[in-house]
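Contents: one structure, followed by commentary.
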2 protein chains.
Amino acid sequence: MAVPPHHPPAATENRLLESAGEVFAEKGFRAATIRDIIRRAKANVAAVNYHYGDKQGLYTAVFRYARKCCEEQFPVDADAGSTPLEQLHVFVRSLLRRILDHGRPAWHWQLMAREMMEPSAALDEMVEQSIRREFAIIAGIVENITRLPPHDPRIRLCASSVIGQVLFYRHAQAVVHRLHPEQEFARKDLDALAIHITDFSAAALEAIAKRQPAKPNGRRRNGPREKNA
Amino acid sequence: MAVPPHHPPAATENRLLESAGEVFAEKGFRAATIRDIIRRAKANVAAVNYHYGDKQGLYTAVFRYARKCCEEQFPVDADAGSTPLEQLHVFVRSLLRRILDHGRPAWHWQLMAREMMEPSAALDEMVEQSIRREFAIIAGIVENITRLPPHDPRIRLCASSVIGQVLFYRHAQAVVHRLHPEQEFARKDLDALAIHITDFSAAALEAIAKRQPAKPNGRRRNGPREKNA
DNA sequence: AACAGTTTAAAACGCATGTTTGAAAAGTCA
DNA sequence: TGACTTTTCAAACATGCGTTTTAAACTGTT
């Protein structure tokens with residue numbers, strides 16, 4: 001009773017989650033070995049099965065832990081920014097930081113990217129508990145900028161265009177490194193990237209907005225467009 | 001004896017490459033098992049080591065095979081399209097088809113996506129022998145549309161924005177399926193996607209073209225640089 | 001038919017991995 | 001302290017894997 005409760009014991013589980021996150025992100029579920037994980041966590045080989053049942057149990061636990069950490073560190077404030085264009089900028093910049101910033105445990109979004117490409121049950125949970133809500137946020141911003149009617153399918157396409165530009169730097173990071181070694185990913189570089197993506201997208205969205213009130217049933221052709229303004 | 005009449009000779013290597021492509025794309029290098037591959041190829045377990053030395057050798061052979069097939073089926077014609085905007089459209093549409101069309105062995109770009117996320121020596125070869133050249137093509141198109149000076153870093157950013165929009169539907173395909181089940185990926189859907197991405201990007205690029213290639217920060221002046229209509 | 005070179009087949013080897021076990025250690029509470 | 005639970009540990013187990021080995025089957029040539 002004179003002992004501080006819970007300090008050492010709960011530490012093992014946390015060390016396991018952190019180490020497992022690293023290893024799963026680096027190697028993938030299958031290639032990651034329990035012995036590698038427990039070596040980094042300075043734990044015994046039986047610890048995984050004791051605390052999480054089996055390797056799969058550890059994996060899903062890591063996934064929930066990752067989502068929790070990510071939400072704590074980068075809370076999505078849908079109302080940040082006064083104008084829709086500012087909201088777009090804030091959204092893009094925070095998403096970029098979230099998936100590329102090297103500050104905190106850097107493996108969260110590498111795990112996410114793996115799940116996106118090779119979906120397991122963890123992806124369904126992720127979609128329903130995070131991604132759907134965040135996609136609705138960017139869709140709302142797009143709707144405000146373009147003034148498209150609320151369920152116009154072009155809103156979904158435009159939101160995907162914005163997100164695609166951002167995710168490119170996560171999913172194709174290895175290619176970018178080889179193709180353009182001068183591109184760095186420090187905080188200031190990320191902010192510069194965010195400005196570009198915001199400008200690029202804003203111009204596209206505003207062009208749609210300008211087309212919008214003219215004709216409710218406009219013909220869209222992709223040929224050489226007339227200059228506007 | 002009493003064996004059924006045997007294989008068309010030397011087809012074994014091809015069957016191995018096809019099966020290995022499937023399995024590597026589905027499971028990744030580590031999780032793919034030789035026994036799974038040779039079962040699909042109706043070959044013996046020793047065939048891999050006989051023809052390709054070891055598992056790694058088979059993997060690199062599959063990669064070269066994939067690139068060869070891809071180039072044969074979707075040759076890049078840099079000059080397709082008369083105007084820069086049409087060139088953009090052709091580029092986007094052919095890239096979309098290449099990474100998502102279900103016609104031919106569908107695992108090529110799934111493999112590529114895996115390599116992008118978890119690079120090995122195969123990625124270096126791929127970057128030097130395909131990607132660099134194709135990125136130069138889209139960069140040239142962007143340069144023509146924006147009229148930016150040839151080495152302006154914004155060209156690289158804009159080209160990445162275009163490619164990012166396309167690759168999104170490969171790398172995040174599983175998320176798209178869960179988020180928007182109505183989005184399909186038949187040939188006509190891909191063409192519609194291509195039109196959207198082209199329009200979106202063209203609007204953004206033309207907005208840049210209208211701005212003076214001066215200060216990165218802030219004020220844009222409608223200069224006297226009104227080129228063609 | 002007989003030979004030599006190439007390809008395929010079945011079985012086994014060695015090793016790494018996920019998991020289990022049984023006991024020791026640490027912690028908890030009377 | 002002493003009973004009881006929770007956690008840690010070292011060792012072993014069982015299995016699946018990549019690889020090797022040895023021999024059989026097939027090919028083409030003489």
Side-chain angles (χ1 to χ4, degrees), chain A residues 1-63 65 111 114 118 120-122, chain B residues 1-63 65 111 114 118 120-122:
Chain A
M1 183 155 303
V3 214
H6 294 136
H7 285 167
T12 301
E13 294 188 51
N14 259 333
R15 290 201 315 273
L16 276 178
L17 288 176
E18 284 288 341
S19 304
E22 285 180 27
V23 181
F24 281 139
E26 281 175 20
K27 313 271 188 71
F29 177 78
R30 179 68 185 272
T33 77
I34 289 186
R35 283 174 170 83
D36 187 8
I37 293 171
I38 59 101
R39 191 177 340 115
R40 300 198 200 190
K42 286 166 181 35
N44 185 269
V45 64
V48 167
N49 302 81
Y50 175 75
H51 286 287
Y52 301 99
D54 56 2
K55 191 183 178 185
Q56 180 65 47
L58 174 62
Y59 183 75
T60 70
V62 162
F63 229 81
Y65 173 71
L111 254 193
R114 275 192 189 279
E118 191 173 358
S120 78
Chain B
M1 56 186 303
V3 252
H6 264 189
H7 329 283
T12 302
E13 294 191 47
N14 259 332
R15 291 202 316 273
L16 275 179
L17 288 176
E18 283 288 342
S19 304
E22 285 180 27
V23 180
F24 281 138
E26 281 176 19
K27 313 272 186 71
F29 177 77
R30 178 68 185 273
T33 76
I34 288 185
R35 284 175 169 83
D36 187 7
I37 292 171
I38 58 100
R39 191 175 342 114
R40 301 199 199 190
K42 288 168 182 33
N44 184 271
V45 64
V48 167
N49 301 80
Y50 175 77
H51 287 286
Y52 301 100
D54 57 1
K55 191 184 178 184
Q56 179 66 48
L58 174 61
Y59 183 75
T60 69
V62 163
F63 229 81
Y65 174 70
L111 253 192
R114 276 191 189 279
E118 191 172 359
S120 78

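Just the heavy atoms: all of them, side chains too, but no hydrogens, waters or symmetry mates, feed the values below. Just so it is clear: chains get the letters A, B, ... in the order the sequence lines come, proteins before strands, and each one is counted from 1.
Take A/Phe63 and apply the ring-ring contact (aromatic ring centres under 6.0 Å, His included) test, not counting sequence neighbours, and it matches A/Tyr59. Applying the salt bridge (charged side-chain N to carboxylate O under 4.0 Å, His left out) criterion to B/Glu18, with sequence neighbours excluded, gives no partner residue. For the ring-ring contact (aromatic ring centres under 6.0 Å, His included) test, no residue two or more places apart in sequence or in another chain qualifies with A/Tyr65. In this structure, the side chain to side chain donor-acceptor pair (under 3.5 Å) partners of A/Glu26, at least two apart in sequence or on a different chain, are A/Arg40. With sequence neighbours excluded, the residues forming a side chain to side chain donor-acceptor pair (under 3.5 Å) with B/Ser120 are B/Glu115, listed by chain and number. With sequence neighbours excluded, the residues that form a salt bridge (charged side-chain N to carboxylate O under 4.0 Å, His left out) with A/Lys27 are A/Asp36.
Atom CG in B/Asp54 sits roughly 5 Å away from atom P in D/dT19 (whole-Å rounding). Here D/dT19 presents its C1' atom at 15 Å from CD of B/Gln56, a figure rounded to the nearest Å. Rounding to whole angstrom units, CZ of residue B/Arg39 and P of C/dA9 are separated by 15 Å. Between the CG atom of B/Asn49 and the C1' atom of C/dA10 there is a distance of 14 Å, rounded to whole Å. A straight line from OH of B/Tyr52 to C1' of D/dT20 spans 20 Å, rounded to a whole angstrom. Rounded to whole Å, the distance from CD1 on B/Ile38 to P on C/dT8 is 13 Å. The interatomic distance linking A/Asn44 (CG) with C/dA25 (P) rounds to 14 Å, in whole Å. Between the CD atom of A/Glu13 and the C1' atom of D/dT6 there is a distance of 11 Å, rounded to whole Å.
Nearest heavy-atom pair, A/Leu16 versus A/Ala43, reported as atom, atom and distance to 0.1 Å: CD2-CB, 4.5 Å. Of all heavy-atom pairs spanning A/Gln56 and A/Phe29, the tightest one is OE1-CZ, 3.5 Å.
Take the nearest nucleotide of DNA chain C for B/Ala43 and for A/Gly53: the residue whose nucleotide is more 5' is B/Ala43.
Among the heavy atoms of the strands lying under 4.0 Å from B/Ala46 is at least one base atom, whether or not backbone atoms are also near. In this structure, A/Val45 reaches the bases: a heavy-atom distance under 4.0 Å links it to at least one base atom across the strands shown.
Axis angle across the helix from C/dA1-D/dT30 to C/dA30-D/dT1, with five pairs used at each end and values rounded to 10°: 10°.
For the OP1/OP2 pair of C/dT6 and a distance below 4.0 Å, the side-chain nitrogens and oxygens of B/His51 include no atom meeting the criterion. Contact annotation: B/Thr12 side-chain N/O to C/dT7 OP1/OP2 distance is not under 4.0 Å.
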Cut-off 3.5 Å, no hydrogens considered: what does the side-chain donor-acceptor table look like for residues 45-52 of chain B, sequence neighbours left out?
unit_1, atom_1, unit_2, atom_2, d
B/Asn49, ND2, B/Gly53, O, 3.3
B/His51, ND1, B/Glu13, OE2, 3.4
B/Tyr52, OH, B/Glu13, O, 3.4

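Within residues 26-37 of chain A, the residues that place at least one heavy atom under 4.0 Å from DNA chain C are, in residue-number order, A/Ala32, A/Thr33, A/Ile34, A/Arg35.
Distances were taken from every side-chain heavy atom of B/Tyr50 (C-beta onward) to each of D/dT19, C/dT7, D/dT8; the shortest belongs to C/dT7.
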